[in-house]
There are 2 protein chains.
Amino acid sequence: MEEYNEKQLSIIIVAERLFADQGFHGTSVRDIAQEADVNIAMISYYFGSKDKLLESVFRYRMEASRKFINELVQNDTMEPLEKINSLIDRYINKMLGEQHFHCIMNREQLNKEKSPVRDLIWELKREMLGLMQPIVTRAQEAGTFDKEVDVVMLMTTLFGTINQAIPAQYILRNDIEFENMNDDDFKEYLRNRLSTHLKKLFKAILTHEF
Amino acid sequence: MEEYNEKQLSIIIVAERLFADQGFHGTSVRDIAQEADVNIAMISYYFGSKDKLLESVFRYRMEASRKFINELVQNDTMEPLEKINSLIDRYINKMLGEQHFHCIMNREQLNKEKSPVRDLIWELKREMLGLMQPIVTRAQEAGTFDKEVDVVMLMTTLFGTINQAIPAQYILRNDIEFENMNDDDFKEYLRNRLSTHLKKLFKAILTHEF
DNA sequence: GTTTAAATTAAACGTTTGTTTAACTTTGCT
DNA sequence: AGCAAAGTTAAACAAACGTTTAATTTAAAC
């Protein structure tokens, strides 16, 4: 469990935003230093290098992700579909709440060359899958869920749909019907629309009910 | 309709691959020139700049995408669900066949700053939506499809699931069960798995049948 | 064959990059 | 107060960046 002081944390937060908006290579350490209002040398001093700073951003958010996953595994009184619905909502909330981080994840996961960060991403995805798999499988064995559903693909659909919706906002936002809606209202609107869609989708494919 | 000579084309193809694997800013014009076996100056000479080269990659692939969309609109004898299934398969084929390009699209669409390339991406997405929307809406009016389905979200699911599956291959590929499967076989395997999953998903949500 | 334009090259251009240095200030401890 | 460690700074570093230059070769046209 690593601890960051105030200055280190502000560097991490600024770097996260800039990496998300402009990409890792599209952001210079000078950009980061300026926006975080620290000297350039402080980045090397605290994090070692620009690469290690990216790693630090990941480790910082990963901790929250781990906690998130562990919280999901609780509440064992719920029925399978309730659990799935809860998982959908929580995941939507997490992604909309940590848009910058998930934006970086989506970019970095595309890199072909192996890197510590790429490994962390897939470690996290595997953990999420490892959480959802038993929920579905147990419900399949109990006869509640369709036995032929491909759980890995279903997770891909969950991640993929939300990931795809995030950049789509930037565009939708310019549409006439949303032009005078404030950011929070729009986020709430998107959250509901995503939630309704995904829950309907999962219910249909898993239980054959509507 | 722009024409490219052999040398220009090889630069475009090499740039596409490198941009996909390492990102735009992660790739230098020297990298591209070396792999394409041309002098560095030829890139400025032919394309004007690195940015314009990226634009050229896009225009080159966009032409094929436009053609693809126009082909989809044909075959008006099919039933709605057949049309949807055909659209799913064709889109999977397109994305698996142009992985490098779609990888770049996925990265570039995340950029916050407005750019010609970002505009092109959303132009294309809108065209795809404009194609699918009437198919679904007409079938909804005819009573064949569920009237409450969110078509925009469904498209997001289609794009998102396939997009998510593409980087996932790099990881899956390392799993024991696929380690001695050749690339083409693996691609075929993924294609089938994606196709089965998405068709089942769309059928369930649209027609309430299984 | 001469002329004109296009293609190609190695070298150099001025920036910007990530990182380090060395001097200086602040902090915490005894 | 005095000392050592941590924090902070402006400046300098070499390397890499995208782009341009000016010279040369190739190709096409007359």
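Order of the sequence lines fixes the chain letters, A, B, ..., with proteins taken first and strands second; residue numbering starts at 1 for each chain.
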Colleague: Nucleotide by nucleotide, 5' to 3', does protein get under 4.0 Å of the base (B), only the sugar-phosphate (S), or neither (-) in nucleotides 9-22 of chain C, counting heavy atoms?
Modeller: BB-B----BBBBB-
Colleague: Ion pair present between E123(A) and R126(A), side-chain N to carboxylate O less than 4.0 angstrom?
Modeller: no
Colleague: Just checking F47(B): base, sugar-phosphate only, or nothing, at a heavy-atom cut-off of under 4.0 Å?
Modeller: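 The residue F47(B) makes no contact with any strand.
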Colleague: For the pair made of CD in E6(A) and C1' in dT8(D), what is the distance, rounded to whole Å?
Modeller: 16 Å
Colleague: Mind listing the side-chain donor-acceptor pairs of residues 42-50 of chain A below 3.5 Å, one per line with the distance, residues two or more places apart or on another chain?
Modeller:
unit_1, atom_1, unit_2, atom_2, d
Y46(A), OH, N5(A), ND2, 3.4
S49(A), OG, K52(A), N, 3.1
K50(A), NZ, F24(A), O, 2.9
K50(A), NZ, T27(A), O, 2.7

Colleague: I want to check something: taking the side chain as every heavy atom from C-beta on, are I11(A) and Y4(A) in contact at a cut-off of under 4.5 Å?
Modeller: no
Colleague: Does H100(A) have any side chain to side chain donor-acceptor pair (under 3.5 Å) partners at least two apart in sequence or in another chain, and if so, which?
Modeller: none
Colleague: Hydrogens and angles aside, do N111(A) and E108(A) bring a side-chain donor and acceptor to less than 3.5 Å of each other?
Modeller: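 Present: a donor and an acceptor within the cut-off.
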